[in-house]
Amino acid sequence: MPQLLEDELFPSTPGKFKMERGHTMNRQFHRCFASTSTMFLWALFLIALTASYLSFQSFVDSGSRYFSASWGGIQWEKQVRNSAQIHRSGGMAVLVTGAAGFVGTHVSLALKKRGDGVVGIDNFNSYYDPSLKRARKSLLNNHGILVVEGDVNDGRLLAKLFDAVAFTHVMHLAAQAGVRYAMENPQSYVQSNIAGLVTLLEVCKSANPQPAIVWASSSSVYGLNEKVPFSESDRTDQPASLYAATKKAGEEITHTYNHIYGLSITGLRFFTVYGPWGRPDMAYFSFTRNILQGKSITVYRGKNQVDLARDFTYIDDIVKGCLGSLDTAKRSTGSGGKKRGPAQYRIFNLGNTSPVTVPELVNILERHLKVKAKRNIVDMPGNGDVPFTHANISYAQREFGYKPTTDLQTGLKKFVRWYLSYYGYSSKIVN
Ligand SMILES: O=C(O)[C@H]1O[C@H](OP(=O)(O)OP(=O)(O)OC[C@H]2O[C@@H](n3ccc(=O)[nH]c3=O)[C@H](O)[C@@H]2O)[C@H](O)[C@@H](O)[C@@H]1O
């Protein structure tokens, strides 16, 4: 019987060793064989268990990476495509970088309102109060505009966006702004305004079709230029700040990509843009805050006690200039990294053509806020400022009918109205 059982458990099969020796030996052999086989089976079982654990772990890892990343995935791509949907005939699909920024928010809204597709990208850095950027993002979301949280230095993210949508245009507004901050944090200017720009251009040049690019340069490129008003053909090789130098570098870099790869490029030299949802680091904004809080403001004065002046330009006029540039931008001529013919390259001044001194800016704010400012007048420190700016806008006027219509008095009134309501002051203050 035991034999039978043993035979059942270990049946002899042709070609296998036959048990011909004595019973005891047979038993010992069987016991030994049985324990080796059991061990073997256990080992197999453990290996299988470990392998399946490891593969499960890697599935969980990649899964959590997939789901926790702020971008990527089928749902995300669907959102991107929805936001880029064009709702007018002949409309464009625009990738707006720096979409949660001051100009980015206004341009995105204007594009969306007229039926263009818009996808935003912004890194929400803390150069100034990120909660203001978040509030702008909510505003954009409420209008059906997706703002992807990411950096223009992230080439993979940019390429992924171009995989999802064949953007016809890129409105590149992401930048490290601010003239005087460049002395505190020079690397951030190189990182955003040069490295980030190159990363974006690399992705655009490889895209198929290539988009047309409109991007923000700055009036600061005129630097120490003394010829007024500033025309696009004036010299721009004397920057007074690292900020200006990175914007000037951007103009040269974009020219290279235009020349080698056939990218259509339009650079816009903005002149001290102001208005609702503006930048807290700028003078008109910080002056308003300090005046309302009863704090003193520092008003810089130029050489020989000459007042500093700026060609302050209202945001709605700038938006018209951006849209006019996008509308008249010709297609890029290359595809997939290869140039097929010469492409458009333009640079426009977008200013107001009527400079106002900084003390006059303060006078206007005092009138709107009905509060006297505590002025602390000091000589302009050598920190990158230029004494004045003044735009000649005839080129933009000729090309797309650019015509600023808001003077500083009117524009600041609108800004103050917004400021009081956003920060919860009584709106009775404004006339
Ligand atoms: O148009 C441009 O090219 C540039 O305009 C502004 O730069 P800026 O003109 O220096 O604007 P603000 O920082 O608002 O300064 C305006 C004027 O107020 C003066 N100011 C600034 C700050 C302050 O505390 N006191 C003061 O008198 C400045 O010297 C300057 O003359 C933006 O900050 C830049 O990002 C932009 O590129």
Side-chain angles (χ1 to χ4, degrees), residues 98 101-104 127-128 173-185 188-189 192-193 215-225 229-230 232 236 239-248 250-251 267-275 278-291 295-303 305-315 317-318 321 347-353 355-365 373-391 393 404 408 411-412 415:
F102 170 36
V103 180
Y127 166 61
Y128 62 78
L173 299 165
Q176 176 57 62
V179 174
R180 290 161 291 278
Y181 179 66
M183 290 183 71
E184 274 176 58
N185 190 356
S188 69
Y189 290 80
S192 292
N193 304 356
W215 74 285
S217 181
S218 160
S219 72
S220 63
V221 299
Y222 290 107
L224 306 178
N225 178 43
F230 300 165
E232 289 87 350
T236 52
S241 65
L242 180 67
Y243 168 69
T246 59
K247 285 295 182 183
K248 172 66 180 164
E251 293 186 354
L268 303 176
R269 293 177 180 164
F270 294 155
F271 282 70
T272 316
V273 190
Y274 72 98
R279 272 173 39 207
D281 62 312
M282 289 183 68
Y284 73 95
F285 201 119
S286 64
F287 287 175
T288 300
R289 184 178 51 222
N290 286 0
I291 292 171
K295 294 182 184 162
S296 65
I297 59 169
T298 304
V299 178
Y300 299 135
R301 198 170 45 188
K303 267 192 201 143
Q305 315 216 325
V306 174
D307 289 332
L308 302 179
R310 287 290 181 273
D311 198 3
F312 296 101
T313 311
Y314 189 62
I315 183 65
D317 291 323
I318 288 293
I347 290 185
F348 293 114
N349 283 343
L350 291 185
N352 194 50
T353 69
V356 175
T357 66
V358 177
E360 180 53 22
L361 163 83
V362 180
N363 293 343
I364 298 172
L365 286 176
K374 294 176 189 155
R375 304 181 193 214
N376 178 25
I377 299 166
V378 303
D379 287 339
M380 180 176 88
N383 56 7
D385 251 336
V386 292
F388 62 88
T389 61
H390 183 180
I393 55 156
L408 189 60
L412 281 179
F415 164 71

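Ligands are counted one by one from 1 in listed order, and the atoms in each one are counted from 1 as well.
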Judging by distance only, is a nitrogen or oxygen of Y284 under 3.5 angstrom from one on ligand 1? no
Where the closest heavy atom to atom 13 (O) of ligand 1 is concerned, which of R301, R180, R279 has it? R180
Modelled atom types, side-chain donor and acceptor of Y222 and N349, under 3.5 Å: yes
Below 4.0 Å from ligand 1: does a non-hydrogen atom of F285 turn up there or not? no
Could you tell me whether some N/O pair between F270 and ligand 1 is separated by less than 3.5 angstrom? yes
For ligand 1 and S219, I'd like to know whether there is a polar contact (N/O to N/O, distance under 3.5 Å). yes
Centres of the F415 and Y274 rings: under 6.0 Å? no
Would you call F287 a ligand 1 contact, heavy-atom distance under 4.0 Å? yes
Does a donor on one side chain and an acceptor on the other come within less than 3.5 Å for D307 and T357? no
Check each atom of ligand 1 against the heavy atoms of V179 and keep those under 4.0 Å away; list them by number with element. 7 (O), 10 (O)
Would you mind running through ligand 1 and noting each atom that sits below 4.0 Å from a heavy atom of L308? 29 (O), 31 (O)
Of the listed options (A283, S286, G278, A177), which comes nearest to atom 18 (O) of ligand 1 when hydrogens are ignored and any heavy atom counts? A283
Closest heavy-atom approach to atom 26 (C) of ligand 1 among Y300, Y243, Y181 is made by Y300
Counting only nitrogen or oxygen atoms and a 3.5 angstrom limit, does F312 reach ligand 1? no
